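What follows is a short report on a single structure.
On a predicted model such as this, the values are computed, not experimentally measured, just so you know.
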Amino acid sequence: RKEVEQDPGPFNVPEGATVAFNCTYSNSASQSFFWYRQDCRKEPKLLMSVYSSGNEDGRFTAQLNRASQYISLLIRDSKLSDSATYLCVVNHSNDYKLSFGAGTTVTVRA
Amino acid sequence: GAGVSQTPSNKVTEKGKYVELRCDPISGHTALYWYRQSLGQGPEFLIYFQGTGAADDSGLPNDRFFAVRPEGSVSTLKIQRTERGDSAVYLCASSKTGTDEQYFGPGTRLTVT
């Protein structure tokens, strides 16, 4: 079983719509969680950290459910520029070692 | 300021050849990481440097892979006797310390024919 699993999508949504997706992780001792964004043929970039209490950054909301071992990302009022692959990332021990999911592809259409 | 840079951006080599991939981290970042990303997958950890030393090389797939960072700045990932399965994007990242946000370079796309 992979450490971090994501629905690959693609999620095709119209501009202005809300889209949400989850990822699950297998190591219950995992300490920190992130969402990265990766555009086609580009490097991953940190989108946001995910905190236990849930957190919001503009149109993006991240939630963590430790009991069920999943993390979610919700994008409100989708823009064309939100089209990308979103990578779920887990750090087991608050150190350097990041475990990446395979990514969820989101395509926002006009 | 300048981000992480990697050279070459693309490398095509024949099976069995030796290749070197270079990473220039952000100035002042002591931690440096190499990852490998295959098509349709997320990056996979290869090796972590803190300063000049490899603090964790547990992700290197076999002894054909080796990386150095002799002066604690630029790092080189070396692959001997390349195989077609080595084809992937090799990403380098750096951070201020081992627990800070990692900034990725644009990657080197390696194709082994």
Side-chain angles (χ1 to χ4, degrees), chain A residues 1-11 21-27 30-51 55 57 62 70-71 73 84-107, chain B residues 2-7 9-10 21 23-26 29-51 53-60 69 75 88-111:
Chain A
R1 183 184 172 190
K2 289 185 181 177
E3 289 186 61
V4 182
E5 301 215 45
Q6 296 184 247
D7 179 348
F11 288 75
F21 42 89
N22 296 338
C23 96
T24 58
Y25 59 94
S26 60
N27 188 337
S30 296
Q31 297 287 323
S32 49
F33 310 89
F34 310 90
W35 284 103
Y36 274 68
R37 173 195 168 123
Q38 186 170 29
D39 293 298
C40 189
R41 298 179 87 88
K42 297 287 189 181
E43 70 273 24
K45 292 185 179 177
L46 179 65
L47 177 66
M48 60 196 299
S49 301
V50 186
Y51 303 120
N55 49 301
D57 183 358
Y70 76 82
I71 307 146
L73 182 66
T85 296
Y86 291 85
L87 299 166
C88 176
V89 185
V90 173
N91 183 315
H92 300 309
S93 49
N94 272 339
D95 62 7
Y96 52 87
K97 210 165 191 176
L98 302 181
S99 296
F100 286 78
T104 296
T105 299
V106 172
T107 302
Chain B
V4 178
S5 62
Q6 293 186 245
T7 55
S9 54
N10 282 283
L21 312 180
C23 171
D24 251 295
I26 293 171
H29 280 194
T30 61
L32 185 146
Y33 319 79
W34 284 98
Y35 293 83
R36 177 167 73 173
Q37 186 171 23
S38 300
L39 194 62
Q41 301 298 315
E44 290 178 297
F45 170 83
L46 295 178
I47 187 169
Y48 158 58
F49 285 92
Q50 181 56 50
D56 183 350
D57 64 358
S58 62
L60 295 177
R69 193 186 186 199
S75 175
V89 176
Y90 289 81
L91 293 162
C92 176
S94 72
S95 62
K96 284 184 186 175
T97 71
T99 55
D100 289 314
E101 178 183 348
Q102 297 181 23
Y103 295 85
F104 284 81
T108 293
R109 185 172 299 274
L110 176 67
T111 303

request  = Using the salt bridge (Lys or Arg N to Asp or Glu O under 4.0 Å) rule, collect all pairs that involve residues 30-44 of chain A, keeping only residues at least two apart or in two chains.
outcome  =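 Qualifying pairs, neighbours excluded: R37(A)-D39(A).
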Proximity breakdown for Q38(A) and chain B, heavy-atom pairs closer than 4.5 Å =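 The side chain, not the backbone.
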request  = Check whether Y36(A) gets within reach of chain B through its side chain, its backbone, both or neither, counting any heavy atom under 4.5 Å.
outcome  =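 Contact with chain B: side chain only.
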task = Identify which of G105(B), G40(B), A31(B) forms the greatest number of heavy-atom pairs closer than 4.5 Å to chain A.
result =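 The answer is G105(B).
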Heavy-atom distance under 4.5 Å to chain A: side chain of [X], backbone, both or neither?
| X | answer |
| --- | --- |
| T97(B) | neither |
| Q50(B) | neither |
| Y33(B) | side chain |
| E101(B) | side chain |

Check residues 44-51 of chain A and write down every donor-acceptor pair under 3.5 Å in which the side-chain atom is one partner and the other belongs to a residue at least two apart or another chain.
none

task = Could you verify whether a donor N or O on one side chain and an acceptor N or O on the other, from S99(A) and E3(A), lie under 3.5 Å apart?
result =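 On atom types as modelled, these side chains qualify, holding a pair under 3.5 Å.
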query = Does a side-chain heavy-atom distance below 4.5 Å link V90(A) with F100(A)?
reply =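 No, every pair of side-chain atoms sits at 4.5 Å or beyond.
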key: Student check: side-chain heavy atoms of D57(B) and Y48(B) closer than 4.5 Å   =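 They are not in side-chain contact.
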ask   = Can the ring centres of Y70(A) and Y25(A) be said to be less than 6.0 Å apart?
value =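 Judged by ring-centre distance (under 6.0 Å), Y70(A) and Y25(A) do not meet the cut-off.
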